[in-house]
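Beneath this line is the structure, given in structure tokens, with notes to follow.
Predicted model, so just to flag it, every value in this text is computed and none were measured.
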Amino acid sequence: MAIHIDNITRHTRRWSPAAWLAGANALLFVAVHLSAAITRFTSDADPLTVLHALMLPASPDVLIWRPWTLITFMFTHFDLWHLLVNTMWLYLFADVLTRAISSRRILILYIAGGLSGAAAFMCFPSHGSMLTGASSSILALIAAVMITAPGCRVRLVLFGECRMIWIAAVAVVLMIASTDFSDTGALAAHIGGVAAGAICASAWRFMPRIRRNSAARMTPVTATIEPDRQSLDIILDKVRRSGYNSLTQDERHTLFTISHQLSADRKQ
């Protein structure tokens, strides 16, 4: 048994941020439906009691007694189609972000999008409404891709190779258009998620430039280019030997950053 647990632990350590987040969403989906099924057959209580306990209430007075819902709502789905669509977008955009930012920042984006969506939802509540689902968190990831990696290309089954900026734009339109516009709280939550993703990605994108510009005033430019080229050669050699999937998250981030820096230098 210990050997099996060690194997599971070793395997889960290799999981991508998307796998961890999708797993959490799927686990709560199963828990909500399992509890509903058990309640229906064992008592006359509301079968959706667990679901309601995980959803974000619109009223701050209720939220005080359910503070955990600020986190649980962004991992909770009741409708299977809602879960599948959000998981599809999560895997697509989180995979692109792993080439540009760290796993920790992807998790930060997810949580920030959810919290921003929650704040917007509570500012424009619909009477008696409650918020659930990962849509605001997913929209934060989508907005981050539009700013961080707009020129990145992926191959889609029916459409061939497409730039992420267009895929992200279509995803935002579809997710917002699928919202019930009479539910102002849900619509505000989606917009809040987009805003959080854009703010975080913009901050992460421009902060290194500020640091590089300040460092450039103190050190010669040639002092940093050669180590970057050496790091790039080492990473590319590892890709040739073991493939892109063998790279760590830090190595993927370094490869993305250096290649874009060298590309920008050639254009100047």
Fill in: hydrophobic_cluster_shared for Phe73 and Leu107, side chain cutoff 4.5 Å
yes

Worksheet entry | Heavy-atom closest contact (Tyr91 atom, Ala19 atom, distance) | OH-CA, 3.4 Å

Discussion item. If I compare all heavy atoms of Ala196 with all of Gly113, which pair ends up nearest, and what's the gap?
Written reply: CB-CA, 3.9 Å

Discussion item. Quick check against the 3.5 Å criterion: does Ser202 have a side-chain atom that pairs as donor or acceptor with the backbone of Ile199?
Written reply: no

Practice prompt. Report yes if some heavy atom in the side chain of His190 is under 4.5 Å from a heavy atom in the side chain of Val194; otherwise report no.
Written response: no

Worksheet item: Given the rule in the side-chain contact (heavy atoms from CB on, under 4.5 Å) test, do Phe93 and Met164 qualify, once you have shown the distances and angles that lead to the verdict?
Response: CA-CA 9 Å; Phe93 290 100; Met164 285 307 303; 3.3 Å; yes

Item to complete: Answer whether the closest heavy-atom distance between the side chains of Leu109 and Trp204 falls below 4.5 Å.
Response: yes

Fill in: Passing candidate, side chain to side chain contact (heavy atoms under 4.5 Å, CB included) with Thr132, options Leu56, Thr76, Thr69
Thr76

Worksheet entry | Verify same cluster id: Leu63, Phe124 (apolar side-chain graph, 4.5 Å) | no

Worksheet, complete the sentence: d(Ile108 CD1, Arg105 CZ) to nearest 0.5 Å is 7.5 Å

Worksheet item: Side chains of Cys152 and Arg163: does their closest heavy-atom pair fall under 4.5 Å?
Response: no

Worksheet item: Closest approach of Gly117 and Leu131, non-hydrogen atoms and distance?
Response: O-CD2, 4.3 Å

Fill in: Heavy-atom pair with the smallest gap, counting every atom of Gly192 and Ala120
CA-CB, 4.3 Å

Worksheet item: With hydrophobic residues grouped by side-chain heavy-atom distances under 4.5 Å, do Val62 and Met130 end up in a single group?
Response: no

Worksheet entry | From Ile111 atom CD1 to Ile106 atom CD1, the distance as rounded to the nearest 0.5 Å | 13.0 Å

Fill in: Linked, directly or transitively: Ile167 and Leu174 (ILVMFWY side chains, under 4.5 Å)
yes

Fill in: Any side-chain heavy-atom pair of Met175 and Trp89 under 4.5 Å
yes

Worksheet, complete the sentence: The reported gap from CG in Asp79 to CZ in Phe29 (rounded to nearest 0.5 angstrom) is 7.5 Å

Worksheet item: If we ignore angles and hydrogens, is there a donor and acceptor under 3.5 Å between the side chains of Ser135 and His82?
Response: yes

For residues 138-147, which side-chain donor-acceptor pairs fall under 3.5 Å, sequence neighbours excluded?
none

Item to complete: Check whether any side-chain heavy atom of Trp166 lies under 4.5 Å from a side-chain heavy atom of Val170, and answer yes or no.
Response: no

Practice prompt. Hey, could you give me the OG1/CG distance between Thr87 and Leu92, rounded to the nearest 0.5 Å?
Written response: 12.5 Å

Item to complete: Could you list the residues that satisfy side chain to side chain contact (heavy atoms under 4.5 Å, CB included) with Ala58, not counting sequence neighbours?
Response: Phe121, Pro125, Ser129

Worksheet item: In Å and rounded to the nearest 0.5 Å, what is the CG to CH2 distance from Leu83 to Trp81?
Response: 11.5 Å

Fill in: Within-4.5 Å side-chain heavy-atom neighbours: Met122 and Pro60
yes

Practice prompt. Nearest 0.5 Å please: distance from the CG atom of Leu21 over to the CE atom of Met74.
Written response: 10.5 Å

Discussion item. I need the minimum non-hydrogen distance between Ser136 and Ala189, along with the two atoms involved.
Written reply: CB-O, 3.4 Å

Discussion item. Strictly distance-based, threshold 3.5 Å: is any side-chain N or O of Arg66 a donor or acceptor partner for the main-chain N or O of Met55?
Written reply: no

Worksheet entry | Qualifying side chain to side chain donor-acceptor pair (under 3.5 Å) pairs with a residue from residues 21-46, counting only residues at least two apart or across chains | Asn25-His77, Asn25-Tyr110

Discussion item. Is there a side-chain contact between Leu54 and Phe75 in this structure, where contact means two heavy atoms from C-beta onward sitting under 4.5 Å apart?
Written reply: no

Discussion item. Quick check on the hydrophobic clustering: are Leu27 and Val85 connected, directly or via other members, by side-chain heavy-atom contacts under 4.5 Å?
Written reply: no

